[in-house]
Amino acid sequence: MLKPSKLAKNNFLSSLDLSAEEVLHILDLATNFKNKKINIDLKNKVLGLIFDKSSTRTRVSFQVAMTRLGGTTIDLNPNTSQIVRGEPIKDTAKVLSRYCDVLAIRTFKQSVLEEYAKWATIPVINALTDLEHPCQALADFLTIKEEFGELKGKVLSYIGDGNNVANSLILCGALLGVEVRIACPKGYEPNHALINKVLEIYGNKSLLKITNDPAMASAGADILYTDVWSSMGEENQKTQKDKEFYGFTIDSDLLSKASKDAIVLHCLPAYRDKEITDEIIDSKNSRIFEQAENRMHVQQALLACILS
Ligand code: CP
Ligand code: NVA
């Protein structure tokens, strides 16, 4: 039976906190959990969830993953705790470390997440920040691996905003040797510092391509991926971005440019008929709901590695 291995780093704040070997181990473990080939008992370990933004998939998949591991979850809603009053993160992190065994945090700035990790004496997991969504990327690459078997050499084309989800796909893709193409309108490219980090990992054979042309990015791709054009916290930019992202919708025309066995992914929640058509979300090429399910399996694997 495959056993969860201890991870080199205590926290999972960025996709780059795992090595390629660790990512592949988590994906294997997730498959074993999914096929009910492993049973781990965490004996009532406690996961604390601090979510400054809304969530369906991340929150529920963490709760179910923890329950399946024989642990429990506490939903620390910032509005009903002293977090909303502005209690220093330092104090909150130190106190919660005495009650919980691990924290999963969804917040705006990456620096806030890092501040929690600095003062917590227990592991901290990034459940989404404005910069990254590393748990999502694990589920995405598990879904791709299930489809194609092999990750190396696959071409993933992300069409849309160069946001947190795009950033984690770029980082995790670089670790796994996947060619990642990003097509976004001018001015919406992924984080610059993060791209430079990735170029260092690739060395002189960079597999990252950034363009403003969705058709060019989609040509021959194995995976077409998209996310909302306006992320949480950008509600006031919605009207403007909807105009600027015109032409960046994943529709049957764009899909016809991809490889004939291409699959379509979206982290959800989606705006149907904006960044992706209704037809494509429910098409035979879509693996969007498998991808959502995989959130639970990879997080179960991640928690098993962190806690067992
Ligand atoms: N994909 C994702 O993180 O969804 P939620 O916002 O519902 O957690
Ligand atoms: N980019 C989106 C992802 C939601 C899961 C957001 O940050 O709102």
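In what follows, residues are counted from 1 in the order of the sequence shown.
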S.K.: For the residue pair T73 and Q63, confirm or rule out a side-chain donor-acceptor distance under 3.5 Å.
M.R.: no
S.K.: Show, in sequence, the C-alpha distance, side-chain angles and deciding distance for R287 and E147, and conclude whether the salt bridge (charged side-chain N to carboxylate O under 4.0 Å, His left out) test is met.
M.R.: CA-CA 9 Å; R287 296 293 177 276; E147 187 68 29; 2.8 Å; yes
S.K.: Taking E235 for its side chain and G233 for its backbone only, find out whether a donor-acceptor pair lies under 3.5 Å.
M.R.: yes
S.K.: Sub-3.5 Å donor-acceptor pair from the side chain of S256 to the main-chain atoms of D253, do we have one?
M.R.: yes
S.K.: As a test of understanding, state which of D227, D161, D242 forms a salt bridge (charged side-chain N to carboxylate O under 4.0 Å, His left out) with K274.
M.R.: D242
S.K.: Please examine the side chains of N77 and F51, heavy atoms only from C-beta on, and report whether any two atoms are closer than 4.5 Å.
M.R.: no
S.K.: Which of parallel (below 30°), tilted (30 to 60°) and perpendicular (above 60°) describes F245 and Y188?
M.R.: tilted
S.K.: Can you measure from CG (L29) to OG (S5) and round to the nearest 0.5 angstrom?
M.R.: 8.0 Å
S.K.: When clusters are formed by joining ILVMFWY residues with side-chain heavy atoms under 4.5 Å apart, either directly or through shared neighbours, do V112 and V95 land in the same one?
M.R.: yes
S.K.: Please report the shortest heavy-atom distance between A117 and N11, naming the atom on each side.
M.R.: CB-ND2, 3.8 Å
S.K.: Test your reading of the model: is there a side-chain donor-acceptor pair from E279 to the backbone of T277, 3.5 Å cut-off?
M.R.: no
S.K.: Looking at CZ of F12 and CD of Q299, how far apart are the two atoms once the value is rounded to the nearest 0.5 Å?
M.R.: 9.0 Å
S.K.: Consider only side-chain heavy atoms of I, L, V, M, F, W and Y, link residues closer than 4.5 Å, and tell whether L268 and F141 are in one cluster.
M.R.: no
S.K.: Compare all side-chain heavy atoms of I50 with those of Y116 and state whether any distance is below 4.5 angstrom.
M.R.: yes
S.K.: Applying the side chain to side chain contact (heavy atoms under 4.5 Å, CB included) criterion to L13, which one of L131, I125, L113, I105 satisfies it?
M.R.: L113
S.K.: Give a yes or no on whether K209 atom NZ has more than 12 heavy-atom contacts from other residues, nucleotides or ligands under 6.0 Å away.
M.R.: yes
S.K.: Just how far is it from atom CD of E150 to atom CD1 of I144, taken to the nearest 0.5 Å?
M.R.: 12.5 Å
S.K.: Taking all atoms of both residues into account, what is the closest heavy-atom pair of C100 and I122, and its distance?
M.R.: O-CG2, 3.6 Å
S.K.: Give a yes or no on this: more than 12 heavy atoms of other residues, nucleotides or ligands lie within 6.0 Å of atom CZ of F148.
M.R.: yes
S.K.: For residues V60 and M296, determine if any side-chain heavy atom of one lies less than 4.5 Å from a side-chain heavy atom of the other.
M.R.: no
S.K.: Evaluate the side-chain proximity of S157 to Y225: yes if any heavy-atom separation is below 4.5 Å, no if none is.
M.R.: no
S.K.: Kindly indicate whether the side chain of T72, heavy atoms from C-beta on, has any atom under 4.5 Å from the side chain of L47.
M.R.: no
S.K.: Can you name the nearest heavy-atom pair linking P185 to N212, along with the distance?
M.R.: C-ND2, 3.7 Å
S.K.: In Å, rounded to the nearest 0.5 Å, how long is the span from CG of D101 to NZ of K43?
M.R.: 13.5 Å
S.K.: I40 versus I38: any side-chain heavy-atom pair under 4.5 Å?
M.R.: yes
S.K.: Is any NZ, NE, NH1 or NH2 atom of the basic residue among D28 and K37 found under 4.0 Å from an Asp or Glu carboxylate oxygen of the other?
M.R.: no
S.K.: Check this for me: does any side-chain nitrogen of one of K53 and D130 sit under 4.0 Å from a carboxylate oxygen of the other?
M.R.: yes
S.K.: Measure across S231 and N163 and return the closest heavy-atom pair with its distance rounded to 0.1 Å.
M.R.: OG-ND2, 3.6 Å
S.K.: Decide if atom NZ of K45 counts as having more than 12 heavy atoms of other residues, nucleotides or ligands within a radius under 6.0 Å.
M.R.: yes
S.K.: Is a donor from one side chain sitting under 3.5 angstrom from an acceptor on the other, for R295 and T58?
M.R.: yes
S.K.: Quick one about E132 and S14 (side-chain donor to acceptor, distance below 3.5 Å, no hydrogens or angles considered), yes or no?
M.R.: yes
S.K.: Any chain of hydrophobic side-chain contacts (each under 4.5 Å) joining V298 to I223?
M.R.: yes
S.K.: Would a 4.5 Å heavy-atom cut-off, applied to side chains only, mark E179 and K154 as touching?
M.R.: no
S.K.: Closer than 3.5 angstrom, by distance alone: can the side chain of N285 be matched with the main-chain N or O of A262 as a donor-acceptor pair?
M.R.: yes
S.K.: Is there a donor-acceptor pair closer than 3.5 Å between any side-chain N or O of S286 and the backbone N or O of D282?
M.R.: no
S.K.: Looking at E146 and K34, does any basic side-chain N land under 4.0 Å from a carboxylate oxygen?
M.R.: yes
S.K.: With heavy-atom distances below 4.5 Å as the criterion, would you say the side chains of N35 and T31 are in contact?
M.R.: yes
S.K.: Does the side chain of H266 pick up a donor-acceptor pair with the side chain of Q291 at under 3.5 Å?
M.R.: no
S.K.: Going by atom types only, do D140 and Q136 share a side-chain donor-acceptor pair under 3.5 Å?
M.R.: yes
S.K.: Can you tell me if R106 uses its side chain to pair, donor with acceptor, with the backbone of A127 under 3.5 Å?
M.R.: yes
S.K.: Once you round to the nearest 0.5 Å, how far does CG of L27 lie from CG of L176?
M.R.: 7.0 Å
S.K.: Report yes or no: does R181 contribute a side-chain atom to a donor-acceptor pair with the main-chain N or O of A217 at less than 3.5 Å?
M.R.: yes
S.K.: Can you see whether W119 has K90 sitting over its ring - NZ or CZ less than 6.0 Å from the centre and within 45° of the normal?
M.R.: yes
S.K.: Check the side chains of E293 and H297 for a donor-acceptor pair under 3.5 angstrom, ignoring hydrogens and angles.
M.R.: yes
S.K.: Could you tell me whether the side chain of N294 and the main chain of L142 form a donor-acceptor pair under 3.5 Å?
M.R.: no
S.K.: Can you check whether W229's main-chain N or O pairs, donor with acceptor, with K241's side chain at less than 3.5 Å?
M.R.: yes
S.K.: Of all the heavy-atom pairs spanning P123 and N10, show the shortest one and how long it is.
M.R.: CB-O, 3.2 Å
S.K.: Under 4.5 Å between side-chain heavy atoms, counting indirect links through other Ile/Leu/Val/Met/Phe/Trp/Tyr residues: same cluster for L7 and V23 or not?
M.R.: yes
S.K.: Is there a donor-acceptor contact under 3.5 Å from the side chain of D251 to the main chain of L254?
M.R.: yes
S.K.: Quick one about Q110 and T129 (side-chain donor to acceptor, distance below 3.5 Å, no hydrogens or angles considered), yes or no?
M.R.: yes
S.K.: Could you state the interatomic distance from CG (L138) to CG (L302), rounded to the nearest 0.5 Å?
M.R.: 6.5 Å
S.K.: Considering all heavy atoms of both residues, which atom of C305 and which atom of I26 are nearest to each other, and what is their separation?
M.R.: SG-CG1, 4.2 Å
S.K.: Would you kindly confirm whether F62 and M66 end up in one hydrophobic cluster when ILVMFWY residues are joined by side chain heavy atoms under 4.5 Å apart?
M.R.: yes
